[in-house]
Every structure is written in structure tokens, then in C-alpha cells.
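Remember, predicted model here, so these are calculated numbers, not experimental data. Basis for what follows: all heavy atoms, side chains included, without hydrogens, waters or symmetry-related copies.
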Amino acid sequence: NNFLLVVGDNEWQDCIGYDMYSNTESGGFRELWREYFAGAASAHHQFNRDFAGSVGGNRPLVSRMASNPEIFHFEYNGSAYFGLNRGQGTQFIGDISEVDFNALWVEQQLALDTTCQLKSVVFISHIGPSSDVRNKLSEYFSRCSTLPTLSIKGNDHPSTYCLRMDTEHQLELTIEAARSGPV
């Protein structure tokens, strides 16, 4: 089956041995997660079969950030999909490091669209995209045009599952893993 995983705080910074001042740790859970779910030899590194013909068939190539392979991107049918490393709480990748790795990845991948061909953007993460990521998206909007944007996240634990849309056409959807299947 085709599926990709994004990390949350329970399998990232909440793990024993997590060093919030480093991007790696020797023998830690982060390295195991990266190897098993994002490494080149992992069954989850790329899609392993074509998508249904009713949605266009084929399978998109998944690009992964070399230093943080849990952060990924692919494009399909004119939409850019980003898997971000955004767990709840303080973590190295978006809070401690000098650069927000998620924002850097979004900027790099959107820069590849030099002819402004994208039709929409989807972010998948445990919590919503950071302000740095949203700023990189706004830069793309300034260069090209404002696009419908969907943020799929799972950490809000809301009492109601009403969708929210902000003034920049960015829709947020909360998916609770305990109450829904994979997206």
C-alpha cells in the first residue's frame, strides 16, 4: 500500500535520549525512525505502486530533505504536498536551530516551480505549519498567485471538527489518528 508518515512529538522529541540542541543522536529513536520510515531502503521511502487510474494513475516521486528525510515533498495533479516535522512542544528542527528546516524545504521546493504551475498546496504535519513556513508560502503567492492551501494536522483534539479557513485561502483540517483512518 502507498503511505507516508509524518512525525509527531510522541515519536520524536518525547522519546528518551532526545537532544533538542542537536539534529541527530547516536543510537537514538530519531535515527531509528529516519531509517525505518524515511531511509532509502525503507518500504515507506517512496510510493510502491501506482495511484488509482481514476485520479490520474502513475506514482509521484517523493523528494526528501537530505539532512531530515522525515521532511518530504511530492507533486501530483498540480498540487504540492509537504510532509513536515512539526511535533507539539520545543524541538530542534523548527525551534532551536538557526534555520527552520521545514521552512527551508518549502522554500526550496516551491522555488522549483519557476513557471507558477501549481494549483494548490497541502501541508501534512502533527501541528500546523510554523509562521516561517507560512511566510515562505506567502513569498510564493507574491511571485505567482494565491492558491488554495490545506493543512492536515492531528494535534488539536478539538471538541468539534469544523473546518477553518483564514483570509489567505488556507484551510485547516484536524484528523485524529484514534478516530480516523489514514488520509
Side-chain angles (χ1 to χ4, degrees), residues 2-15 17-48 59-114 116-118 120-141 143-144 147 149-155 170 182-183:
N2 286 327
F3 73 93
L4 301 172
L5 299 172
V6 293
V7 298
D9 49 280
N10 293 335
E11 55 278 341
W12 208 253
Q13 68 261 31
D14 288 352
C15 289
Y18 179 80
D19 180 359
M20 79 168 57
Y21 300 102
S22 173
N23 196 30
T24 61
E25 71 264 335
S26 178
F29 287 104
R30 246 185 309 192
E31 297 312 310
L32 288 173
W33 199 99
R34 285 174 171 158
E35 178 184 343
Y36 188 77
F37 294 113
S42 168
H44 313 294
H45 181 72
Q46 292 287 332
F47 292 114
N48 58 14
R59 70 184 87 171
L61 178 66
V62 178
S63 301
R64 294 185 176 272
M65 186 175 220
S67 62
N68 300 286
E70 69 281 0
I71 300 173
F72 63 84
H73 164 263
F74 67 91
E75 292 182 14
Y76 192 71
N77 289 342
S79 296
Y81 295 83
F82 292 92
L84 306 178
N85 184 335
R86 288 275 296 155
Q88 181 67 38
T90 303
Q91 65 179 44
F92 177 80
I93 286 178
D95 301 309
I96 305 294
S97 69
E98 292 181 16
V99 63
D100 180 329
F101 288 100
N102 293 302
L104 177 64
W105 184 245
V106 168
E107 177 183 39
Q108 290 171 345
Q109 299 308 304
L110 289 177
L112 297 175
D113 182 22
T114 58
C116 301
Q117 296 297 308
L118 290 176
S120 64
V121 176
V122 178
F123 294 113
I124 306 166
S125 56
H126 188 63
I127 63 173
S130 68
S131 60
D132 289 342
V133 168
R134 290 189 183 274
N135 288 340
K136 297 305 179 187
L137 184 62
S138 292
E139 290 173 13
Y140 176 85
F141 289 168
R143 181 171 57 85
C144 294
L147 299 176
T149 303
L150 173 64
S151 294
I152 301 172
K153 56 188 180 168
N155 191 56
Q170 296 185 19
V183 176

May I ask you to test the Pro129-Phe123 pair for a side-chain heavy-atom distance under 4.5 Å?
yes

Can you see which heavy atom on Asp113 is nearest to which on Arg143, and at what distance?
O-NH1, 3.0 Å

Nearest heavy-atom contact between Glu75 and Pro60 is O-CB, 3.4 Å

Tell me, yes or no, whether the heavy-atom count around Glu139 atom CD, taken from other residues, nucleotides or ligands under 6.0 Å, exceeds 12.
yes

Would you say the side chains of Asp100 and Ser130 form a donor-acceptor pair under 3.5 Å?
yes

Between Ile93 and the options Val7, Asn102, Val99, the side-chain contact (heavy atoms from CB on, under 4.5 Å) test singles out Asn102

Shortest non-hydrogen contact between Gln88 and Ile127, atoms and distance:
OE1-CG2, 3.4 Å

Flag side-chain contact, heavy atom, 4.5 Å: Val122 against Ile152:
yes

Give me the atom names and distance for the closest heavy-atom approach of Val6 to Trp33.
C-CZ2, 4.2 Å

Grab the two heavy atoms, one from Arg64 and one from His45, that are nearest each other, plus how far apart they are.
NE-O, 3.1 Å

Counting N and O atoms only, with roles assigned by atom type, does the side chain of Ser151 sit under 3.5 Å from a partner on the main chain of Thr149, one being a donor and the other an acceptor?
no

Compare all side-chain heavy atoms of Gln91 with those of Ile96 and state whether any distance is below 4.5 angstrom.
no

Verdict with supporting geometry, Lys153 and Ile124, side chain to side chain contact (heavy atoms under 4.5 Å, CB included)
CA-CA 6 Å; Lys153 56 188 180 168; Ile124 306 166; over 6 Å; no

Point-to-point distance, once rounded to the nearest 0.5 Å, from NE2 of His126 to CZ of Arg86
10.5 Å

What's the spacing between Phe141 CZ and Cys116 SG if we round to 0.5 Å?
11.5 Å

Measuring from Glu107:CD to Asp132:CG, what's the distance to the nearest 0.5 Å?
10.5 Å

What are the two closest non-hydrogen atoms of Leu104 and Met65, and how far apart are they?
CD2-CE, 3.8 Å

Checking side-chain polar atoms at under 3.5 Å, does Asn48 have a donor or acceptor matched by the opposite partner on Arg59?
no

Please test Lys136 against Val133 for side chain to side chain contact (heavy atoms under 4.5 Å, CB included), starting from the C-alpha separation and ending with a verdict.
CA-CA 5 Å; Lys136 297 305 179 187; Val133 168; 5.8 Å; no

Run the side chain to side chain contact (heavy atoms under 4.5 Å, CB included) check on Tyr140 and Leu118 step by step: do they pass?
CA-CA 10 Å; Tyr140 176 85; Leu118 290 176; 3.4 Å; yes

Find out whether Leu84 and Phe101 are in side-chain contact, i.e. whether some heavy atom of one side chain is under 4.5 Å from a heavy atom of the other.
no

Is Ser125 close to Phe82 at the side-chain level, that is, under 4.5 Å between some pair of heavy atoms?
no

How many angstroms lie between CZ in Arg34 and CZ in Arg30, if you round to the nearest 0.5 Å?
6.0 Å

Among all residues two or more places apart in sequence or in another chain, which pass the ring pair (Phe, Tyr, Trp, His ring centres under 6.0 Å) test with Tyr81?
Phe74

Going through the distances and angles, do Asn135 and Leu137 end up as a side chain to side chain contact (heavy atoms under 4.5 Å, CB included)?
CA-CA 5 Å; Asn135 288 340; Leu137 184 62; over 6 Å; no

Rounded at 0.5 Å granularity, tell me how far CG in Leu5 sits from CZ in Phe72.
8.0 Å

Heavy-atom check, side chain of His73 versus side chain of Val106, under 4.5 Å:
no

Separation between CD (Gln117) and SG (Cys144), nearest 0.5 Å, reads 9.0 Å

